Chemist: 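Okay, here's the structure, questions in a sec.
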Amino acid sequence: MAVLSYIQAITKALAEEMKRDEKVFVLGEDVGVRGGVFRATNGLYEQFGEERVIDTPLAESAIAGVGIGAAMYGMRPVAEMQFADFILPAVNQIISEAAKMRYRSNNDWTCPITIRAPYGGGVHGALYHSQSIEAVFANQPGLKIVMPATPRDAKGLLKSAIRDPDPVLFFEHKRAYRMLKEEVPETDELIPIGEADVKREGSDITVITYGLCVHFALEAANNLAEEGIDAHILDLRTIYPLDQDAIIKAASKTGKVLLITEDNKEGSILGEVAAIISEHCLFDLDAPIQRIAGPDVPAMPYAPPLEKEFMVNKDKIEQAMRSLAEF
Amino acid sequence: MAVLSYIQAITKALAEEMKRDEKVFVLGEDVGVRGGVFRATNGLYEQFGEERVIDTPLAESAIAGVGIGAAMYGMRPVAEMQFADFILPAVNQIISEAAKMRYRSNNDWTCPITIRAPYGGGVHGALYHSQSIEAVFANQPGLKIVMPATPRDAKGLLKSAIRDPDPVLFFEHKRAYRMLKEEVPETDELIPIGEADVKREGSDITVITYGLCVHFALEAANNLAEEGIDAHILDLRTIYPLDQDAIIKAASKTGKVLLITEDNKEGSILGEVAAIISEHCLFDLDAPIQRIAGPDVPAMPYAPPLEKEFMVNKDKIEQAMRSLAEF
Amino acid sequence: MTINRHESLGLSDQDVLELYRMMLLARRVDERMWLLNRAGKIPFVVSCQGQEAQQVGAAFALDREKDYTAPYYRDVGVVLALGMTARELMLQAFAKAEDPNSGGRQMPGHFGAKKLRMLSGSSPVTTQVPHAVGIGLAAKIEKKDIVSFVTLGEGSSNQGDFHEGLNFASVHKLPVIVMVENNQYAISIPLKKQVACEKISDRALGYGIPGITVDGNDPLAVYQAVKQAADRARASEGPTLIETVSYRLTPHSSDDDDSVYRNKEEVEEAKKKDGVLTFAQYLRDLNILTDSVESDLEQSLKEEIDQATTYAEAASYAEPKSIYHHVYGE
Amino acid sequence: MTINRHESLGLSDQDVLELYRMMLLARRVDERMWLLNRAGKIPFVVSCQGQEAQQVGAAFALDREKDYTAPYYRDVGVVLALGMTARELMLQAFAKAEDPNSGGRQMPGHFGAKKLRMLSGSSPVTTQVPHAVGIGLAAKIEKKDIVSFVTLGEGSSNQGDFHEGLNFASVHKLPVIVMVENNQYAISIPLKKQVACEKISDRALGYGIPGITVDGNDPLAVYQAVKQAADRARASEGPTLIETVSYRLTPHSSDDDDSVYRNKEEVEEAKKKDGVLTFAQYLRDLNILTDSVESDLEQSLKEEIDQATTYAEAASYAEPKSIYHHVYGE
Ligand SMILES: Cc1ncc(C[n+]2csc(CCOP(=O)(O)OP(=O)(O)O)c2C)c(N)n1
Ligand SMILES: Cc1ncc(C[n+]2csc(CCOP(=O)(O)OP(=O)(O)O)c2C)c(N)n1
Ligand SMILES: [Mg+2]
Ligand SMILES: [Mg+2]
């Protein structure tokens with residue numbers, strides 16, 4: 001096993017899949033010679049050539065739409081949106097086309113495209129380079145949305161996404177890219193889409209979250225362990241469709257649930273998680289379902305003190321976990 | 001008071017606002033000579049001329065984007081999307097631009113645009129003329145989303161939307177257009193955006209819903225009244241941002257809550273409603289929070305038996321209300 | 001005297017008769033749909049009438065064993081020429097389980113059949129343009145001799161996806177043919193309120209590709225233009241934009257009332273140039289279409305459509321519970 | 001001998017000196033930003049270097065008391081010429097509360113100021129094109145003598161909003177000027193991988209409007225083109241598409257490393273045509289810019305920028321709790 005950063009894990013997954021299956025190709029803005037603005041496709045152009053690592057014109061609807069057409073043909077396109085915020089011009093292609101292709105054609109045509117995009121804040125990216133955009137898509141049957149929290153998950157889930165027979169949106173936390181490192185198996189590990197993962201076993205309170213917040217929660221849990229508070233942490237990993245069983249199990253286990261997202265609070269995917277819990281295990285609850293999220297303002301500002309005020313962080317989480325435990 | 005259909009109420013609101021304020025104008029596909037494909041803008045072209053009732057090229061991103069520019073200038077554009085399903089090419093303009101204009105400019109520029117769109121199913125419209133699309137937008141601070149259930153609400157809320165200093169998405173149920181009729185005051189009635197409305201007082205169970213489902217719920221409630229079940233029905237009316245107080249009050253009142261939407265279940269706006277309840281009045285609940293919604297398939301099919309299977313209807317609701325009462 | 005124009009295009013008398021048969025089949029199927037709609041038997045029709053010549057002419061210029069297509073909702077002529085049958089179209093109109101396009105899930109006019117390499121289409125206009133470009137890209141990557149052919153209305157050429165798709169195809173020199181069927185209206189909006197350019201094909205210059213405008217009522221002119229574009233595509237010379245000019249003879253759809261926005265005279269005037277009539281005249285002038293051939297043809301089409309209708313009407317809907325299937329692959 | 005080209009454009013010697021001062025101010029502000037960035041004082045710069053001539057030339061051709069603008073992120077020259085000050089730009093760079101563009105909410109380069117009738121811009125490219133068209137529409141409805149001027153990069157001209165916006169403006173004959181600043185790159189993607197047309201202005205034909213390509217290093221050529229377009233707009237003759245050709249002299253932004261995708265020689269070659277240098281030479285040749293004028297100018301710009309920097313660095317951030325304000329109107 002080698003220690004890989006989150007972004008190295010992404011690059012490795014891409015390289016391995018391109019090597020394994022020549023139907024796999026990459027397209028997006030600056031993914032070629034430049035290797036991507038974050039360098040997620042670093043080295044692929046050199047290794048696989050310009051026909052399989054395609055620099056596209058600056059047009060997200062075309063990146064998605066051309067990818068969809070190629071996927072219908074039988075290719076396995078991996079499209080990159082330079083920032084998740086810039087996926088919005090492609091919403092019609094993703095929701096009207098990719099998500100509905102199999103269904104509308106009664107299983108005749110399929111659309112095995114993967115769309116990767118860096119999301120998330122805390123990088124001085126201001127309003128348009130910091131957003132969590134998943135809620136826009138988390139109501140579209142036919143789509144799957146994956147948001148890995150660790151390098152190992154990132155690699156194994158991206159490989160699964162590329163092999164998945166249906167369209168997958170794959171959101172990578174841009175602050176995780178270089179911040180997170182861990183040992184990642186050299187083997188061809190596939191991590192199944194649709195399964196949440198218990199990142200920490202615990203018995204006092206349950207934290208359900210995804211993405212970078214998993215780490216904040218784990219750090220907080222470590223601190224709280226010293227105070228005798230034992231947190232159970234479920235990483236959703238796939239945020240659409242949700243792993244209902246895992247959510248119900250995790251919530252029932254402790255009866256005290258804290259949900260965390262970096263997204264704006266109202267209308268985030270946490271609402272659905274809360275609904276699942278209150279539909280299925282209401283009587284197992286010993287406390288109201290708590291949520292920590294970004295505030296309901298459009299997106300995080302640029303100036304450092306303003307960004308800080310917006311961002312969910314370890315301290316906010318730790319405090320909420322503590323009061324929930326004490327409830 | 002005159003009896004108006006839902007669509008007549010819309011047309012009347014438009015005409016009154018255009019008369020009151022010459023900054024108000026209408027733009028969209030076929031809204032001029034044709035008076036709209038549903039005839040919502042019927043007569044406006046004749047009354048206000050082609051400069052204020054503008055037939056646009058077939059391009060939704062431009063309809064929204066040009067409207068946004070005009071709104072920044074100080075006009076009060078009312079843009080029509082021919083079907084809610086076709087708002088998707090305009091998502092970037094709506095979310096990145098309209099919703100964030102005031103915030104990103106630190107209150108310097110504003111964007112008082114209203115975007116109307118007919119949504120909803122049960123009209124043999126198949127996948128792309130039947131969708132409930134609100135969840136795509138119900139996570140965007142800066143936006144308001146209104147979905148009136150009655151002619152009177154439609155008129156009063158549309159007038160408020162046009163006068164609102166911020167962007168408002170205004171979704172009209174296309175099956176309600178000619179099906180619903182009621183007395184609507186001739187006066188200049190403004191119904192406030194952001195306030196839910198109790199459409200029926202009751203003490204046994206609480207139903208929270210919006211749009212056409214309000215009527216199904218009211219009909220079901222009438223039937224159930226004969227069985228001695230007394231339902232409290234809250235019409236959300238504004239589905240973003242939600243009227244939290246009204247939701248908490250309605251849920252606490254009976255302790256048994258049924259949420260209803262025509263949208264696909266997972267990720268619909270009901271999740272947020274459930275989250276608000278389970279955050280604020282968990283201990284007032286006597287039953288798990290129930291949800292009735294469309295199934296998690298991309299959208300309703302065309303063939304009548306398939307469409308019927310998809311659609312929420314009075315019977316499904318009545319049954320759910322009965323079992324909740326019996327819980 | 002009428003000059004034989006098809007020979008020099010490499011088309012035999014039999015070819016052009018078959019071309020005409022296809023046009024007429026499209027017209028007769030379409031007419032039947034309206035009757036069924038007005039009789040309350042099918043809820044919706046969207047028509048090809050007035051566009052059959054360009055549709056069939058174009059389809060005949062493709063390699064119907066290899067090429068991919070992304071037809072738009074009016075393309076009854078295209079899909080018939082590519083191998084969809086009248087029965088299949090009737091199954092679609094009646095929204096029955098056997099409809100190969102979607103099993104009754106989608107409205108009529110939403111074509112698609114993998115066996116015919118015909119991409120599945122949706123309602124939001126112009127999304128198919130990037131898809132067709134994606135096919136072209138796949139063909140290029142895989143070094144396959146495939147042409148990707150896509151159609152849309154002239155109103156739809158104002159969508160962003162038209163621009164983005166054509167630009168992508170031209171930068172990557174992909175084997176794509178984009179054919180804009182200019183029928184003068186986008187629902188109620190006349191051409192001059194949709195665009196300010198003289199010709200839709202003027203847009204080609206912005207992509208550095210050939211842009212051609214042809215008479216959409218003349219199947220041979222369209223055949224020739226599409227053939228040349230296909231040759232270019234196969235020679236790796238990149239995409240072509242073709243505009244076919246004709247007129248929409250019916251209302252936009254069975255839900256539309258066109259008397260609100262255009263007058264009868266205009267429609268009557270256009271009917272004189274109807275490709276079905278003018279091409280029949282061409283064939284009659286060359287003695288290819290004789291009275292007896294014509295009446296046999298009409299007779300056989302009528303039987304085909306009658307049978308198709310009877311079959312489709314009697315066929316079953318899909319099971320209600322089937323709506324839960326095929327959201328994701330199993 | 002250098003010919004006086006500005007007189008015939010109605011520009012006095014003082015005008016062109018002022019024009020040059022503005023170009024130089026833009027350059028010097030930009031250079032200072034890089035120094036501050038490399039010193040770790042400001043997190044981000046996106047540069048105007050190489051595009052000052054077109055930016056200032058264009059702005060000078062507008063009616064700066066009436067017209068509306070929607071500049072894009074490189075338009076330091078445009079916004080300075082329109083009345084934004086070096087201090088305001090520094091406040092933006094340091095993201096301080098007094099930044100008139102956004103109070104420190106947005107990144108540098110996201111301009112906007114209602115008092116200057118300069119629309120607020122976002123990061124997703126090209127969205128400003130329809131906005132500018134909306135201003136043109138409002139001007140037409142309200143019968144106001146307003147020209148709406150919008151800029152974007154050539155890479156951004158491949159977005160759907162470019163097409164949809166220009167089409168709308170041309171159909172409705174709106175007083176809009178769309179200026180594409182073609183600097184040869186969209187981040188790492190060179191022009192030939194972005195478009196296949198010869199000139200970006202070739203796209204105008206598809207909208208039935210004039211399309212003009214001018215040397216972006218020549219402020220007078222740009223001034224003339226924009227002036228003519230503004231005259232057309234004021235005469236209700238509709239929109240104009242202008243392409244200004246130059247070169248991006250810096251990396252895409254302070255986060256970019258351009259050595260990965262282009263070589264130094266290419267950049268050095270382009271620097272020879274740098275409008276700041278060539279226009280200075282023009283003014284020197286005409287004896288408008290003398291050594292003493294130039295050193296006074298540099299000195300005064302330096303002082304202005306020093307003061308702006310000092311002020312902005314010392315200024316306060318907005319209150320953290322202010323992030324909850326201005327989501328909706330009160
Ligand atoms: C994105 C989108 N917006 C609106 C519609 C509604 N609509 C369906 S067809 C049509 C007009 C299309 O005109 P054109 O492209 O000229 O094709 P034609 O119907 O004339 O063949 C419109 C507005 C749609 N289907 N998709
Ligand atoms: C919709 C969108 N996609 C991607 C980006 C990321 N991005 C920022 S600038 C840029 C290149 C723009 O190139 P061009 O339009 O030529 O302008 P230039 O920077 O060269 O002046 C890209 C891809 C963005 N801002 N918006
Ligand atoms: Mg048309
Ligand atoms: Mg550029």
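Since we're looking at a predicted model, the values are computed, not measured. In what follows, every chain begins at residue 1, and chains take the letters A, B, ... in the order their sequences are listed.
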Chemist: Can you list everything that forms a ring-ring contact (aromatic ring centres under 6.0 Å, His included) with B/Tyr73? Sequence neighbours excluded, please.
Modeler: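 If we apply the ring-ring contact (aromatic ring centres under 6.0 Å, His included) test to B/Tyr73, skipping adjacent residues, the hits are D/Tyr68.
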
Chemist: Taking side-chain contact (heavy atoms from CB on, under 4.5 Å) as the test, write out the residues that go with C/Ala312, two or more places apart.
Modeler: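 Residues passing side-chain contact (heavy atoms from CB on, under 4.5 Å) with C/Ala312: C/Met90, C/Leu91, C/Phe94.
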
Chemist: If you count heavy-atom pairs within less than 4.5 Å of chain B, which of C/Val195, C/Val125, C/Ile187 leads?
Modeler: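 It is C/Ile187.
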
Chemist: As an exercise, state the distance from CD1 of B/Ile63 to CZ of B/Phe86, rounded to the nearest 0.5 Å.
Modeler: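 The distance works out to 12.0 Å.
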
Chemist: Side chain, backbone, both or neither: which part of B/Phe310 has a non-hydrogen atom closer than 4.5 Å to chain C?
Modeler: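 Both backbone and side chain.
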
Chemist: Do B/Arg52 and B/Glu22 come within less than 4.5 Å of each other through their side chains, counting heavy atoms only?
Modeler: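 Of all side-chain heavy-atom pairs linking B/Glu22 with B/Arg52, at least one is under 4.5 Å.
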
Chemist: Does any heavy atom of chain C fall under 4.5 Å from the side chain of B/Pro89, the backbone, both, or neither of them?
Modeler: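 It is the side chain, since no backbone atom gets that close.
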
Chemist: Would you check if the side chain of B/Thr11 reaches a backbone N or O of B/Ala40 as a donor-acceptor pair within less than 3.5 Å?
Modeler: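 Such a contact is found between B/Thr11 side chain and B/Ala40 backbone.
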
Chemist: Measure across B/Ala176 and B/Leu212 and return the closest heavy-atom pair with its distance rounded to 0.1 Å.
Modeler: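 For B/Ala176 versus B/Leu212, the nearest heavy atoms are CB-CD1, 4.1 Å.
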
Chemist: Flag the one option from B/Gly32, B/Pro298, B/Pro301 with the top tally of heavy-atom pairs under 4.5 Å to chain C.
Modeler: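 Option with the top pair count is B/Pro301.
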
Chemist: Which donor-acceptor pairs sit under 3.5 Å apart between chain B and chain C?
Modeler:
| residue | atom | partner | partner atom | Å |
| --- | --- | --- | --- | --- |
| B/Asp30 | OD1 | C/Ser188 | N | 2.9 |
| B/Asp30 | OD1 | C/Ser188 | OG | 2.6 |
| B/Arg34 | NE | C/Asp256 | OD1 | 2.9 |
| B/Arg34 | NH2 | C/Asp256 | OD1 | 2.9 |
| B/Glu50 | OE1 | C/Lys193 | NZ | 2.8 |
| B/Leu58 | O | C/Gln159 | NE2 | 3.2 |
| B/Glu60 | OE1 | C/Gln159 | NE2 | 2.7 |
| B/Tyr302 | N | C/Arg105 | O | 2.8 |
| B/Ala303 | N | C/Gly104 | O | 3.0 |
| B/Glu309 | OE2 | C/Lys321 | NZ | 2.9 |
| B/Glu309 | OE2 | C/Tyr324 | OH | 2.7 |

Chemist: Might you confirm whether atom CD of B/Gln47 has over 12 heavy atoms from other residues, nucleotides or ligands at distances under 6.0 Å?
Modeler: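 It does: B/Gln47 CD has more than 12 such atoms within range.
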
Chemist: Who wins among C/Pro124, C/Gly155, C/Pro43, C/Pro108 for the most heavy-atom pairs under 4.5 Å with chain B?
Modeler: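 The option with the most such pairs is C/Pro124.
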
Chemist: Under the rule for ring-ring contact (aromatic ring centres under 6.0 Å, His included), what residues qualify as partners of C/Phe168, not counting sequence neighbours?
Modeler: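 Listed in chain order: C/His172.
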
